[in-house]
Peer 1: 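Please see the structure below; I have some questions.
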Protein chains: 2
Amino acid sequence: MLEPDVVPCCPPLTERTLTAAEAERTAAMFKALSDPVRLRLFSAVASAPGGEACVCDISDVGVSQPTVSHHLKKLKEAGLLASERRGTWVYYRVEPSVLAGMGRLLTGPARV
Amino acid sequence: MLEPDVVPCCPPLTERTLTAAEAERTAAMFKALSDPVRLRLFSAVASAPGGEACVCDISDVGVSQPTVSHHLKKLKEAGLLASERRGTWVYYRVEPSVLAGMGRLLTGPARV
DNA sequence: CATCTATGTTGACACACATCGAACCAACGC
DNA sequence: GCGTTGGTTCGATGTGTGTCAACATAGATG
């Protein structure tokens, strides 16, 4: 059976025409991943062991460090990442349920 | 004149850090869906019977008709939609493989 | 405790791109 | 011809991106 509590936002795109409000929320999530730098940062965090990574480990994406910080902030505002300071370093980790929800938007109900 | 590849673009975001080229291609697809109007248009086409819809059936999204045309063009350029003229009307339909590919990016290997 | 250094974040600004609509154009059916 | 459907061009406005500088926090060092 499917887990019904991991549906944060909207029905699959193939189910029906989204309402304006649904489209707004869904577009905001896609927008967070619509930048190459953010995608690289996100995949770096998502693929890191333990699902979390220090900023110092992932900031080699071709832009300056403040720019990295700006992009990480956008990913955090979109609810895709969470940050935590431990001592000198700041660690980011993914929010798995949001990722699953977005996947369901595209592929329809889970086919587990 | 350019025809977008339908081959699998990139590994899942959780597998490893994307390369710059992979991130560019992936970001372009997400960007196409990062606009509320485009999402509504896309979901309208994707949910239409037969997977295709006439522009006249889906152009009620709150913006002018030229704007609808603009957004449909972007979705087409991103490889998410294909268009075909049949007599008076132009029909749009989805590219299912691209949708599945994007879902795989988010959720990992397919669970079919 | 005071100070210095390393790590990240925030603010301000320039630059580029995206978005939108008015007007115009092309294809089709009558 | 004429009306309808949909696409294109163009310009104005808005939004995003990136860098520099300044600031905040944690740890080390004397």
Side-chain angles (χ1 to χ4, degrees), chain A residues 18 20 23-45 48 52-94, chain B residues 1-2 18 20-21 23-42 44-45 48 52-94:
Chain A
L18 297 181
E24 287 282 348
R25 285 178 296 184
T26 308
M29 296 191 297
F30 281 115
K31 186 179 282 184
L33 293 179
S34 69
D35 181 89
V37 173
R38 282 197 292 273
L39 267 178
R40 295 192 73 192
L41 290 171
F42 184 83
S43 61
V45 174
E52 72 174 14
C54 167
V55 176
C56 55
D57 292 329
I58 61 176
S59 54
D60 186 20
V61 291
V63 292
S64 68
Q65 196 275 333
T67 303
V68 169
S69 191
H70 278 134
H71 284 300
L72 287 173
K73 186 179 182 182
K74 289 204 172 187
L75 287 168
K76 200 163 99 172
E77 287 171 351
L80 277 76
L81 291 180
S83 69
E84 179 193 0
R85 177 159 213 154
R86 286 208 294 274
T88 305
W89 296 278
V90 177
Y91 289 82
Y92 279 83
R93 72 184 134 73
V94 301
Chain B
M1 211 62 68
L2 44 104
L18 297 181
E24 287 283 347
R25 298 172 60 184
T26 308
M29 295 191 298
F30 280 115
K31 190 172 223 169
L33 293 178
S34 70
D35 181 271
V37 173
R38 282 199 291 273
L39 266 178
R40 293 192 74 192
L41 290 171
F42 185 83
V45 173
E52 72 174 15
C54 166
V55 177
C56 56
D57 292 328
I58 61 176
S59 54
D60 187 20
V61 290
V63 294
S64 69
Q65 187 272 331
T67 302
V68 169
S69 194
H70 277 142
H71 285 301
L72 287 173
K73 185 179 181 181
K74 292 211 168 189
L75 287 168
K76 202 163 97 174
E77 286 171 351
L80 291 160
L81 291 180
S83 68
E84 179 192 359
R85 178 157 213 153
R86 288 208 294 273
T88 305
W89 295 279
V90 176
Y91 289 83
Y92 279 81
R93 71 184 139 73
V94 300

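Note on naming: letters A, B, ... go to the chains in the order of the sequence lines (proteins, then strands), and numbering restarts at 1 for each one.
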Peer 1: Tell me whether the OP1 or OP2 atom of C/dT9 has a side-chain N or O from A/Tyr92 closer than 4.0 Å.
Peer 2: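 A/Tyr92 to C/dT9 OP1/OP2: side-chain N or O found under 4.0 Å.
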Peer 1: Nearest whole angstrom, please: distance from the C1' of C/dT9 to the NE2 of A/His71.
Peer 2: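 One finds 14 Å between C1' of C/dT9 and NE2 of A/His71, rounded.
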Peer 1: For DNA chain D, what residues of residues 53-63 of chain B have any heavy atom nearer than 4.0 Å?
Peer 2: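 Only B/Cys54, B/Val55, B/Cys56 qualify.
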Peer 1: Is A/Lys73 near enough to C/dG8 that one of its side-chain N or O atoms lies under 4.0 angstrom from OP1 or OP2?
Peer 2: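 For C/dG8, neither OP1 nor OP2 has a side-chain N or O of A/Lys73 closer than 4.0 Å.
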Peer 1: Report the residues that fulfil side chain to side chain contact (heavy atoms under 4.5 Å, CB included) with B/His70, sequence neighbours left out, ordered by chain and then residue number.
Peer 2: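 None.
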Peer 1: Quick one: list whatever passes ring-ring contact (aromatic ring centres under 6.0 Å, His included) with B/Phe42, sequence neighbours left out.
Peer 2: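 Here no residue qualifies.
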Peer 1: Spell out, as yes or no, whether a donor-acceptor pair under 3.5 Å connects the side chain of A/Arg93 to the backbone of A/Ala82.
Peer 2: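 No.
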Peer 1: Take nucleotides 22-30 of chain C nucleotide by nucleotide from the 5' end and write B, S or -, depending on whether a protein heavy atom sits under 4.0 Å from the base, only from the sugar-phosphate, or from neither.
Peer 2: BB---BSS-
Peer 1: Could you work out, with side chain to side chain contact (heavy atoms under 4.5 Å, CB included) as the rule, every residue matching B/Cys56, not counting sequence neighbours?
Peer 2: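 Once residues adjacent in sequence are excluded, the partners of B/Cys56 under the side chain to side chain contact (heavy atoms under 4.5 Å, CB included) criterion are B/Cys54, B/Trp89.
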Peer 1: With heavy atoms of chain B within less than 4.0 Å as the criterion, where does contact along DNA chain D begin and end?
Peer 2: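 Endpoints of the contacted stretch of DNA chain D: D/dT5 to D/dT9.
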Peer 1: Measure from CG on B/Leu72 to P on C/dC20 and round the result to the nearest Å.
Peer 2: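 So the two atoms are 12 Å apart, to the nearest Å.
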Peer 1: If you look at every strand shown and take non-hydrogen atoms under 4.0 Å, does A/Lys76 touch a base, only sugar-phosphate, or nothing?
Peer 2: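 Nothing: the residue A/Lys76, judged by heavy atoms under 4.0 Å, touches no strand.
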